[in-house]
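Input: a single structure, listed below in structure tokens.
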2 protein chains.
Amino acid sequence: MSETSYHHGDLRAALLCEAEAELTEHGVERFSLRGVAKRAGVSHAAPAHHFGDKTGLLTALAAIGFERFLAAQKRREALAPDDPAERLVASGLGYIDYAMANPALFRLMFASKWVAEEDPTLCEVASAAFTHLADAVSAVTGPEPMEASTGQTVLVGAWAVVHGLADLMLTGRPKALMSLDDAEREAMIRAIVSKFV
Amino acid sequence: MSETSYHHGDLRAALLCEAEAELTEHGVERFSLRGVAKRAGVSHAAPAHHFGDKTGLLTALAAIGFERFLAAQKRREALAPDDPAERLVASGLGYIDYAMANPALFRLMFASKWVAEEDPTLCEVASAAFTHLADAVSAVTGPEPMEASTGQTVLVGAWAVVHGLADLMLTGRPKALMSLDDAEREAMIRAIVSKFV
DNA sequence: CCTCTTTCTTGACAGTGTAAAGATCACGTA
DNA sequence: TACGTGATCTTTACACTGTCAAGAAAGAGG
């Protein structure tokens with residue numbers, strides 16, 4: 001496919017790629033659909049054909065984000081010793097890894113009204129990520145934990161600490177944590193998350 | 001001051017009030033400066049004189065938000081028994097109360113690039129809220145806890161669970177928590193936060 | 001070669017934030 | 001009382017945004 005051809009070849013994928021660049025550079029607040037089109041070297045209305053509107057593009061991008069999000073958790077787990085509690089903590093570290101590496105995308109996924117939550121493919125990848133977390137928890141709390149109130153408590157609690165750490169760290173808080181170097185920081189996060197499992 | 005006079009009287013306060021209405025109605029994503037001016041019955045460029053730009057107005061609004069945020073925590077504490085741990089948990093419940101009651105404002109305060117973090121009055125009210133949390137923690141962990149690594153861990157951990165719960169609940173997650181009625185939900189939150197203190 | 005469909009462009013429109021310049025009022029001073 | 005000075009608000013303008021409708025270009029299949 002020629003570079004100067006009228007038809008792009010795989011504009012949809014290219015737009016998603018440029019959209020991520022636009023997002024990480026300007027944040028959701030300053031994200032511009034026309035800016036994405038300009039990056040891709042295409043007319044300002046081209047994205048509409050593939051994604052409908054701004055929400056459509058950002059929803060598709062968020063779905064990709066959830067896939068990578070799950071992959072980041074699995075990546076950490078693969079490095080952990082073969083122990084349920086260790087693996088759960090590792091999963092949480094992957095959660096935080098991803099947030100720190102992709103701040104704007106993480107915020108888009110979890111706290112933006114620019115994504116259509118009812119989108120079917122988004123729902124699928126998002127719930128895949130969440131059930132994976134639930135599985136990691138049930139591997140710790142026992143065989144039939146999700147019925148028991150204590151199993152639910154561990155699930156919700158573990159999710160909340162990890163998510164809270166991730167979200168706070170994105171704004172440089174808490175200073176007590178962010179002023180540490182990488183090794184100390186990870187140790188502190190481990191200590192906090194371990195309190196739950 | 002007449003209602004039809006050229007000069008408004010206290011436009012600054014009125015704009016802040018209408019800005020909150022605009023925020024809760026449309027969210028940060030659809031917040032419009034001209035919309036605020038229209039609500040106040042004033043020309044579209046009037047806000048600029050009092051707040052400079054959109055960031056200025058939203059920063060001032062976030063500062064007000066932090067004051068109420070601290071008040072919401074103190075309100076819960078006043079209802080708690082005179083025990084450090086009980087008061088810390090109550091403070092966390094106030095944290096979550098506020099987030100649920102003012103979703104858009106909470107998100108503005110903690111996760112929006114529309115506020116100027118370096119704004120002096122914002123810094124003041126924000127750090128006032130955070131040091132209040134730190135005080136509640138140190139009332140539990142002992143007299144000189146912030147030096148010890150364990151005191152830091154409790155502080156960061158407690159903050160993270162509460163903040164994580166608040167942020168997740170704003171998007172209806174986790175379902176295991178949001179499907180409960182108010183009493184059950186509060187009991188679960190208490191159980192989770194109590195694990196930390 | 002000729003249609004049909006997908007893909008992309010062009011042009012237009014209402015709405016946005018922001019800057020500059022002008023109008024209006026309040027208030028202290030002579 | 002008159003004046004003028006500064007604060008307050010309006011008007012006008014500009015570049016930019018998302019979205020829609022209509023048209024042009026290219027590929028696919030007969």
Side-chain angles (χ1 to χ4, degrees), chain A residues 1-62 104 108 112-116 119, chain B residues 1-62 104 108 112-116 119:
Chain A
M1 183 66 48
S2 152
E3 289 209 350
T4 60
S5 85
Y6 191 98
H7 287 5
H8 183 283
D10 196 0
L11 182 57
R12 187 188 156 88
L15 285 173
L16 283 170
C17 180
E18 302 298 339
E20 185 182 2
E22 172 91 2
L23 187 68
T24 63
E25 187 165 339
H26 297 338
V28 205
E29 289 81 357
R30 308 283 191 181
F31 180 93
S32 157
L33 210 49
R34 287 170 111 108
V36 174
K38 194 166 296 180
R39 283 171 189 268
V42 99
S43 89
H44 67 259
H49 183 258
H50 291 275
F51 300 99
D53 57 358
K54 185 173 176 177
T55 296
L57 174 53
L58 286 175
T59 300
L61 191 56
L108 176 73
S112 176
K113 289 185 175 155
W114 285 115
V115 334
D119 181 87
Chain B
M1 185 65 49
S2 154
E3 289 209 352
T4 61
S5 84
Y6 191 97
H7 287 7
H8 182 284
D10 196 1
L11 181 57
R12 188 190 155 87
L15 285 173
L16 283 169
C17 180
E18 302 298 340
E20 185 181 4
E22 171 91 2
L23 187 68
T24 64
E25 187 165 337
H26 297 338
V28 206
E29 287 83 357
R30 307 284 192 181
F31 181 93
S32 156
L33 211 49
R34 289 169 109 110
V36 174
K38 195 166 293 178
R39 283 171 189 268
V42 97
S43 89
H44 68 259
H49 183 257
H50 291 276
F51 301 99
D53 57 359
K54 186 173 175 178
T55 295
L57 174 53
L58 287 175
T59 301
L61 191 56
L108 176 72
S112 176
K113 289 189 175 154
W114 286 115
V115 334
D119 180 87

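Chain naming here is simple, since letters A, B, ... match the order of the sequence lines and numbering starts at 1 in each.
For A:R34, whose side chain is taken as the heavy atoms from C-beta onward, the closest listed nucleotide among C:dA12, C:dT16, C:dT10 is C:dA12. When each of D:dT10, C:dC8, D:dT8 is scored by its nearest atom to the side-chain atoms of B:V42, the top-ranked nucleotide is D:dT10. The side chain of A:H44 lies closest to C:dA12 when the candidates are C:dA12, D:dT10, D:dC9. The side chain of A:H50 lies closest to C:dC8, out of D:dT11, C:dG11, C:dC8. Here the nucleotide nearest the side chain of B:L33, chosen from C:dG17, C:dT6, D:dT10, is C:dG17. Side chain of A:K54, nearest nucleotide from C:dG17, D:dT10, D:dG18: D:dG18.
A:L11 has its CG atom 12 Å from the C1' atom of C:dT9, to the nearest Å. Between the NE2 atom of A:H49 and the P atom of C:dT7 there is a distance of 5 Å, rounded to whole Å. If you measure from atom CD of A:E22 to atom C1' of D:dG18, you get 13 Å, rounded to the nearest angstrom. Computed from coordinates, the B:F51 CZ to C:dT18 P distance equals 14 Å when rounded to whole Å. Counting to the nearest Å, the P atom of C:dG15 and the NE2 atom of B:H26 are 12 Å from each other. Note: NZ (A:K38) to P (C:dT9) measures 13 Å, nearest angstrom. What separates CZ of B:F31 from P of C:dT16 is a distance of 11 Å, to the nearest Å. A:R30 has its CZ atom 12 Å from the C1' atom of C:dT16, to the nearest Å.
With respect to the salt-bridge test (charged N to carboxylate O, under 4.0 angstrom), the residues B:E29 and A:K54 do not qualify.
Using a 4.0 Å heavy-atom distance criterion, A:A48 is classed as making no nucleic acid contact.
Residues A:A37 and A:S43 approach most closely at CB-O, 3.4 Å, considering heavy atoms. Of all heavy-atom pairs spanning B:L16 and B:L61, the tightest one is O-CD1, 3.8 Å. Here the shortest heavy-atom pairing between A:L15 and A:P47 reads CD1-CA, 3.7 Å.
Look at B:S32 and you'll find a side-chain N or O under 4.0 angstrom from OP1 or OP2 of C:dT16.
Using a 4.5 Å cut-off on side-chain heavy atoms (C-beta onward), A:F31 and A:L57 make contact.
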